[in-house]
Amino acid sequence: MLVSLVSNPRIRRVVRETVGGLPRQFWWLWVSTLVNRLGSFVVTFLALYLTAERGYSPSYAGLVASLFGLGSAISAVGAGVLTDRIGRRPTLVAAQLGTAVSTAVLGFVDGQVAIAAVAFLVGLCNNATRPPTSAIIADLVPAEDRVRAYSLNYWAINIGFGLSAAAAGLIATHGYLTLFLLDALTTLVCAVVIFVRIPETKPQASPEHPADAAEPKTSLLTVLRDAPFMALVGLTLMVALLFQQGSTTLAVDMGASGITSTEYGLVIGLNGLLIVVLQIPLTRWMEGRSRTGLLIASCLLTGWGFGLAALAGSSAWLFALSVGVWTVGEILHTPVMMGLIAELAPTHARGRYQGVYSLSWSLASLLGPAGGGLLLQYAGPAALWLACGAVGTVAALGYVALARRTGAAGRRTGAVTEVAAPAAEAAAEVEKAPAGA
């Protein structure tokens, strides 16, 4: 039966259209991302390790998580600058080596101050991989294929994360140190793969057109003054704040509603399962559709997906429905937004733009759990989930207003003639910004 499926012309055509036409170097990056996420044990189990294994208080575990997030926020911008200055590959390899070393050290270190300091370093190095990875994809992949490429990369992240989360519980029975060392080892393997298989992709100016003459100077301040781009970052922050509730306040509310830990694991596991199953077919469905329409739909699905939790009560099935709805919003939002950011960023400043964009997710990891927790404690679960619906609606309206202002409402994903992907058009868009890069 498997042979007949593989030989089916229609299936072969679908597979070819889904994964075909992408550079070989992209697939090496894809493999390294998958391997890295397969070993991403520490971030998932850090709070449990600190409380159950080391005996520290939940408040201390929260402090460590915040320091990890602080390191991520700092590195989002710093790694973006380094990606443009010293190159994509050296920044990515250095970040992975730093992550491997600091993760291994975290497994051995003792004492509250020492653990907190090393956790900050892990966050600093771990998140520094995002800007160069995103810039490499933008450098390697033609504009019309970028949404598909970012979707495939996101698919690898979720496959690896889902399998690692399932395996981590079993591995932890042999000691948490094993988790730390395996995590460090897989990250080290990724650094080797990147160093050996992926060349430096940072565009180089030709002798006839020196960089100083061909490209305007783009500082970090220039990026921050790019009003349309920063509006996208702000809207992304709103959506990211919603996603943070899925790993924090959702668990608290479900526990208070009498949902068992086993049921919670099955419900939240639906998120990763749906991404693995639906990412590719939904990516194919998104091709040629309005980019603004997809972003609006993703905001509404995300916001009111979480809003459905207000009706769940003690029903695990209704909580699962809520997770299913906002997961579809997540699938729509991430690749479209990553492709859009790659288009808006000038070629010589992709690292800075990707770094500032990544900052929105880092800030959400700092603000989301705290804000959601306070709202849940003092206003109740119904207020929290309805507020999520309101935030999603405001974000959707923000995309409508931004599209009207920039004239981007008609652009479509995967369509070369309608996307602001060609270099000349992308540069023209950026130059229209108040402090155009």
Side-chain angles (χ1 to χ4, degrees), residues 33 76 80 127 130-131 133-138 141 143-158 223 226-244 246 275 278-279 282-283 285-303 305 326-345 350-365 368 391-392 394-403 405-406 408-409 411-415 418-421 426 429-430:
T33 298
N127 200 52
R130 290 189 177 186
T133 298
S134 298
I136 288 173
I137 294 175
V141 179
E144 63 270 20
D145 292 327
R146 282 188 192 136
V147 170
R148 181 161 59 99
Y150 283 118
S151 293
L152 289 167
N153 191 65
Y154 192 60
W155 191 47
I157 290 172
N158 282 279
V223 179
D226 187 339
F229 172 76
M230 292 307 298
L232 286 174
V233 173
L235 293 172
T236 300
L237 174 61
M238 295 176 68
V239 177
L241 288 171
L242 298 178
F243 287 129
Q244 284 298 316
I275 290 176
L278 298 179
Q279 183 74 62
L282 280 180
T283 298
W285 175 81
M286 286 189 288
E287 291 181 358
R289 299 187 183 273
S290 166
R291 190 166 53 193
T292 300
L294 291 172
L295 290 172
I296 292 171
S298 71
C299 292
L300 294 176
L301 286 169
T302 302
W326 60 256
T327 296
V328 175
E330 180 181 358
I331 293 172
L332 295 181
H333 184 271
T334 302
V336 174
M337 181 54 67
M338 292 298 294
L340 178 57
I341 298 302
E343 291 171 13
L344 290 177
R350 279 175 176 156
R352 289 177 174 85
Y353 272 74
Q354 294 288 356
V356 173
Y357 169 73
S358 179
L359 181 62
S360 62
W361 292 93
S362 300
L363 289 175
S365 68
V391 170
V394 171
L397 293 174
Y399 281 119
V400 173
L402 185 61
R405 177 183 174 185
T406 60
R411 291 182 185 139
R412 300 176 183 275
T413 61
E418 297 185 66
V419 171
E429 281 197 5
V430 175

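Only heavy atoms go into these numbers, but all of them, side chains included; no hydrogens, no water, no symmetry mates.
Looking at L294 and W285, their side chains come closer than 4.5 Å, going by heavy atoms from C-beta outward. Side-chain contact between N127 and S362: present, with at least one pair of heavy atoms (C-beta onward) separated by less than 4.5 Å. Between M338 and Q354, some side-chain heavy-atom pair lies under the 4.5 Å cut-off. Between M337 and T236, the closest side-chain pair of non-hydrogen atoms falls below 4.5 Å. Looking at heavy atoms from C-beta onward, V233 lies out of side-chain contact with L359 at the 4.5 angstrom threshold. With contacts defined as side-chain heavy-atom distances shorter than 4.5 Å, the pair Y399/L232 qualifies. Contact of the V239 side chain with the C299 side chain is registered, since non-hydrogen atoms from C-beta on lie closer than 4.5 Å.
Separating the CG atom in L301 from the CD1 atom in I296 is a distance of 12.0 Å, to the nearest 0.5 Å. Note: L278 CG to W155 CH2 = 12.0 Å, rounded to the nearest 0.5 Å. Remark: T327 OG1 to Q279 CD distance equals 11.0 Å, nearest 0.5 Å. How far OG of S290 is from CG of L295: 8.5 Å, rounded to the nearest 0.5 Å. To the nearest 0.5 Å, the span separating CZ on R146 from CG on N153 amounts to 14.0 Å. The line from OG of S360 to CD1 of I341 is 8.0 Å long, rounded to the nearest 0.5 Å.
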Checklist entry - Given Y154 and I331, is the side-chain contact (heavy atoms from CB on, under 4.5 Å) satisfied, shown in steps? => result CA-CA 9 Å; Y154 192 60; I331 293 172; 5.5 Å; no

Item to check | Worked check of side-chain contact (heavy atoms from CB on, under 4.5 Å) between F229 and V223 | outcome: CA-CA 8 Å; F229 172 76; V223 179; 3.6 Å; yes

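Between I137 and A149 the shortest heavy-atom distance is CG2-CB, 4.0 Å. The shortest heavy-atom contact between S358 and R130 is OG-CD, 3.6 Å. Between G303 and L242, the closest heavy-atom pair is CA-CD1, 3.8 Å. Summarising the geometry of A342 relative to Y150, their closest heavy-atom pair is CB-OH, 3.7 Å, with the distance given to 0.1 Å. Shortest non-hydrogen contact noted between R291 and V336 is CG-CG1, 3.4 Å. Between G246 and W326, the closest heavy-atom pair is CA-CZ2, 4.2 Å.
A salt bridge is defined here as a Lys NZ or Arg NE, NH1 or NH2 lying under 4.0 Å from an Asp or Glu carboxylate O, and E343 with R350 fails to meet this definition.
Ring pair H333/W361 is perpendicular by interplanar angle, where above 60° counts as perpendicular and below 30° as parallel.
A donor-acceptor pair is defined here as one N or O able to donate and one able to accept, closer than 3.5 Å; no such pair exists between the side chain of S134 and the backbone of P131.
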